[in-house]
Amino acid sequence: MSIRQLEKTYDPKTVESRWYRTWEARGYFHASPSNPGAPYCIVIPPPNVTGSLHVGHALNHSLQDILIRWRRMQGRNTLWLPGTDHAGIATQNVVEKQLMAEGSSREALGRERFIERVWEWKAASGNTIINQQKELGESCDWDRLRFTMDEGLSKAVVEVFVRLHEEGLIYRGERLINWCPRCLTALSDIEVEHEDVKGKLYSISYPLEHDPNRALTVATTRPETLLGDTAVAVHPEDPRYNDLIGRRVRLPLTRRTIPIVGDALLVDREFGTGAVKITPAHDFNDFEAGERHRLPRLAIFDHQALLEMSKLKAAMVEEDLASSLAGLPVGKARPKIEQALRDRGFLVKIEDHKMAIGKCYRCKTIVEPYLSPQWFVKTKPLAEPAIEAVTSGRIRIIPEGWVNNYLGWMRDIKDWCISRQIWWGHQIPAWYCRSCNSRFIHEESITNASGASTTRTTLLHGAVPIVARSAPTWCPVCGGTEFLRDPDVLDTWFSSGLWPFSTLGWPEQTPELATYYPTSTLVTGLDILFFWVARMIMLSLKFMGDVPFRDVYIHALVRDAEGQKMSKSKGNVIDPLHVMEQYGTDALRFTLASMASPGRDIKLAEERIEGYRNFANKIWNAARFSHLYLDGPREERPVAERSFPDRWIVSRLQETIQRVNDELESYRFDRAAGTLYQFIWHEYCDWYLELIKPALQSGSDATASATRQTLAETLEVIMRLLHPFMPFLTEEIWQTLPHEGESVMIQPYPAPDPLRRAPEIEQRFLLLEQAVGLVRTARVLLNYPPAQPVWFSVAHDDAERHKQLDDLRPHLAHLARGTADIDSSVMQPDGNRLRLVSEGLSVAITVTGDVDLQKALDRIVKQEEEQEKEMGRLQSKLANQEFTAKAPAEVIADHRQRLKSLQADQLMLQNSEGQLRAMLKV
RNA sequence: GGGCGGAUAGCUCAGUUGGAAGAGCGCUGCCCUUACAAGGCAGAGGUCACAGGUUCGAUCCCUGUUCCGCCUACCA
């Protein structure tokens, strides 16, 4: 097929699916430990299995594919390992919503049936994102696709859990944890998003017991929790109150009295009144203070954040108040409490107060500190090696700016709550002997609205688990044979924390593990640095004894054109699939790569993508152009014997090869893409292809055949160089060019060859570019249409340059469209020629016909003014004695040279001005 | 509250040892010149946020201020 017959515009659609299928069918993506080359491995950050590709994935995956294709072409044994994450809460929420729409619920279905239902949903929708990844061109080894709940990965999860438990690094305990009252599960600290809100600060008076005339005033943002207060704290060294420590206050709205304790950690004497209420069951600080003073923990609301009658009774809340509060959600109870306090005269004042509230990162419901038994990972011992791995440089974080972020979090790490009270996920491998733990196992039958009844099992604090790789058959304590498995599942990030080694076969010692671990690079967004990256580092060091990856490249977040976070509710989401459909996949990939500057978020606007769509089209047409001439004979010559344009483009291509490789080496995708864009469009297309047209059109002489060879050769190299960024376009074009091998994606990546650089040729090109530019400017000044030939002469102050101009004359004439003389007489005044001068180079263009001389004059006068300003600046600088005394000699020389050149230009411009004025009078 | 990043052309952003301010898009003018009008050529447009300091010289280094953004946090 000849490209010549193809459309004038590049049509990505017909090209993309065809090549992807071919690559995949030929097994190019498949990696094997026995393949030659040094291993290069990336594990993909597993997207949610039921998700679909959003623009954040598109960025993340494009960058990885660029690295992978680049390294593969470099001859590395390259593995890009794909997979998906079961995404516990997120997926469960999706399926629950579906059930709700059907009028059902997970409780109605029961646990087993519900989990089956999620697997069905996974089977139905799990391939969506995989197929979308293929549309993006991702060269993953799909034979090694993993899922966090695969058999192998589940085995790894159990193994890690059991071993950590054996070492005492996993424990079960009753703690105050973050609880989502909608998802009905515990969350880890980092699963809580903080949001600043305008709240109120309530000052409430607590009267002293036996002393109605004195009272302690406490301040709180959550007056409803006062019902669960079990003490009031003051600073032990606060002279206002320390005599009261040990006495008691009456707790408003209840029939209880509570002690006054001294606590220097909890109380800031400067804040509020200096007295703090303590509610150990509903506040993290208070919980710890409660531990210090051995205070009882009185919860007043339940797992749905509803006030509960039995609890209110236990807290000895006034009966009538209790009955009006029971069943209310926390938010609704607050105004009632406020009113009750006001009625009884306890409310001192209410002030505005800005505060942060925590929300569930999955459903945005306000989370509550909630007291319950949970499983935790003791993280301090795991964090120490994880800190060392980064400070020692065994793991590089790029850009470096995030290192402190990472270290700060690691050094201040809290224990990790890993149990979740949901059903979808890895169920915790812990069992409870029913006879030993009968006191701690609560089972109640629940009949829901639809009449179905299920059993709700609650494991109370104090139950003793048996942690094992599989269900125990008898109890070592009492010999019992009936067990209850812990109903909780693990935090979804627990399994993804094992990703770099579990996907390679661990705990088996596989060849894959031996070859590809540690992996090479992790490409990820900042948003999961703590969720995922930190945990992988800790767990990998623990279980593999080595880092999980050498480099962590952290890229930016993609925002919309206004810099807003993209979200479905805002309606500002850019759908990558839509963009790919409209502009082509390569255009999207190239856009994302160009915008991936470190340390800055990406504001993605569609116009940018359109610009790179045009770039793809430009390349397409460069290829079409080449094919107009490639059929003729081609003659390979040593570079040194080729024509000036050929030697120039070969040299420029070398520089480009060098720079693209260097930039990729340092993860500067933006600069690598920019280099390619600049070279291909503005050097290869704008100059080289224009320069060689006369030679190509001259037919079949030796110069023409040599030029054809260079044309084919450079285009072929460019396709290889560009392939990681624009895989589809480059493959399509490469296949039409003279080449060896069956696909560009498995060809060697261009490597720099210093011998092909030609600095003196590049220098000469700059002279040509300058001369052509001057003629074109003059042409515009005189309003000559581009097609109209012009007569002009050029000269240079410098004898050597002047001689070079002579060699460049044919190119100059061609590019400037006209007849060129290289003529020193240009320096002399002449009645009908307009002279322009720039840095020693003079151009005189013959004025014929009707031209707007006034316009030309205006422009020249303006240019003169600008030059004058600059000369003034330079002169005063050089006159500055301190400058000339202290500045480096070469800087001074530079400035002198520049000034001299400007002065010469100025003279010539004045000359031109004079000529123009003279012509105008005629 | 603490930490980090940003502020450069109308817009989005480069600018890495301090020494003549750059790109893309947009805009203006002229061109359908047989690869490409999704194009070509030539242009306009900037006190490099503000105020100090170091220096012969600062977009770049230091200090402070203002405005954005992010991360983090138990100040009730």
Side-chain angles (χ1 to χ4, degrees), chain A residues 3-4 8-10 190 194 201-202 218-222 233 265-268 270-279 283-289 353 355-356 369 399 401-402 404-405 408-409 412 526-527 529-530 557 559 561 563 565 583 594-595 597 599-605 607-608 610-629 670-671 674 677-678 681-682 685-686 689-690 693 697 772-773 776-781 783-788 817 855 859 870 873-874 877 880-888 890-892 894-895 898 902:
Chain A
I3 200 166
R4 235 181 291 186
K8 273 166 73 171
T9 51
Y10 172 58
I190 55 176
H194 293 274
L201 188 64
Y202 300 78
V218 302
T220 180
T221 54
R222 302 196 59 190
L265 287 175
L266 183 67
V267 181
D268 173 359
E270 310 300 317
F271 187 88
T273 59
V276 188
K277 64 196 271 308
I278 302 182
T279 323
D283 182 279
F284 289 101
N285 288 322
D286 294 6
F287 179 83
E288 283 173 21
H353 183 73
M355 52 190 265
W402 302 122
N404 284 335
N405 223 357
W409 187 79
D412 192 34
L526 183 68
D527 50 339
L529 180 63
F530 303 142
L557 192 69
R559 297 168 175 280
K565 218 169 182 166
Y583 300 108
S594 331
M595 297 183 85
S597 296
R600 197 187 274 259
D601 283 344
I602 295 177
K603 292 187 197 168
L604 186 63
E607 299 82 71
R608 277 307 274 269
E610 196 179 332
Y612 290 114
R613 185 269 317 262
N614 296 352
F615 178 51
N617 192 50
K618 186 77 180 175
I619 298 166
W620 177 256
N621 277 291
R624 283 180 69 234
F625 169 80
S626 306
H627 278 279
L628 292 174
Y629 303 102
D670 56 333
R671 295 210 261 197
Y677 184 95
Q678 176 66 27
W681 198 315
H682 297 303
C685 292
D686 285 352
L689 295 185
E690 292 304 325
K693 276 178 182 173
Q697 285 159 357
V772 171
R776 285 171 174 171
T777 301
R779 185 188 265 288
V780 169
L781 280 177
N783 203 29
Y784 289 145
Q788 182 181 330
R817 288 185 192 277
K855 187 178 159 192
R859 282 280 287 282
E870 204 175 332
R873 226 170 40 84
L874 273 175
K877 195 161 188 177
N880 183 325
Q881 291 189 353
E882 275 189 297
F883 171 76
T884 44
K886 294 193 179 176
E890 57 270 29
V891 172
I892 296 171
D894 258 19
H895 284 178
R898 167 90 181 132
L902 277 172

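Throughout, protein chains are lettered first and strands after them, A, B, ... in sequence-line order, and every chain is numbered starting at 1. The shown structure was predicted, so the numbers you read here are calculated from the model rather than taken from an experiment.
Judged purely by atom type and a 3.5 angstrom limit, A/R776 has no side-chain atom pairing as donor or acceptor with the backbone of A/P786. Under the 3.5 Å distance criterion, the side-chain polar atoms of A/D670 are left unmatched by any main-chain donor or acceptor of A/M595.
Using a 4.0 Å heavy-atom distance criterion, A/L266 is classed as a base contact. Residue contacts shown for A/R873 are limited to sugar-phosphate atoms, with no base heavy atom under 4.0 Å away. The residue A/Y677 sits close only to the backbone: its heavy atoms come under 4.0 Å of sugar-phosphate atoms, none of a base. Nucleic acid contact for A/D268: base, since at least one base atom lies under 4.0 Å from a heavy atom of the residue. Here A/A219 lies in heavy-atom contact (under 4.0 Å) with a base. Here A/V218 lies out of heavy-atom contact (under 4.0 Å) with every strand.
Between A/R608 and B/rU12 there is no side-chain N or O to OP1 or OP2 distance below 4.0 Å.
Residues meeting the side chain to side chain contact (heavy atoms under 4.5 Å, CB included) test with A/K693, sequence neighbours left out: A/F625, A/E690, A/Q697, A/H814. A search for side chain to side chain contact (heavy atoms under 4.5 Å, CB included) contacts involving A/P399 returns A/W402, A/I554, A/P598, not counting sequence neighbours. Scored by the side chain to side chain contact (heavy atoms under 4.5 Å, CB included) test, A/T279 finds A/T225, A/D229, A/K277, A/H282, A/D286 as partners (sequence neighbours excluded).
Ring pair A/F615/A/Y677 is tilted by interplanar angle, where 30° to 60° counts as tilted.
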Where do N or O atoms of nucleotides 53-58 of chain B meet protein N or O atoms at under 3.5 Å, pair by pair?
{"from": "B/rC56", "atom 1": "OP1", "to": "A/K886", "atom 2": "NZ", "distance (Å)": "2.1"}
{"from": "B/rC56", "atom 1": "O4'", "to": "A/E882", "atom 2": "O", "distance (Å)": "3.4"}

RNA chain B base-pair string [pairs: Watson-Crick or G-U under 3.5 Å; |: paired with another strand]: (((((((..((((.....[..)))).(((((.......))))).....(((((..]....))))))))))))....
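Nucleotides B/rU59 and B/rG52, compared at atom P, are 14 Å apart to the nearest Å.
In this structure, the CD atom of A/E288 is 14 Å from the C1' atom of B/rA76, given to the nearest Å.
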Nucleotide-resolved protein contact map, nucleotides 33-40 of chain B, B/S/- at heavy-atom distance under 4.0 Å: B-BBSBSS
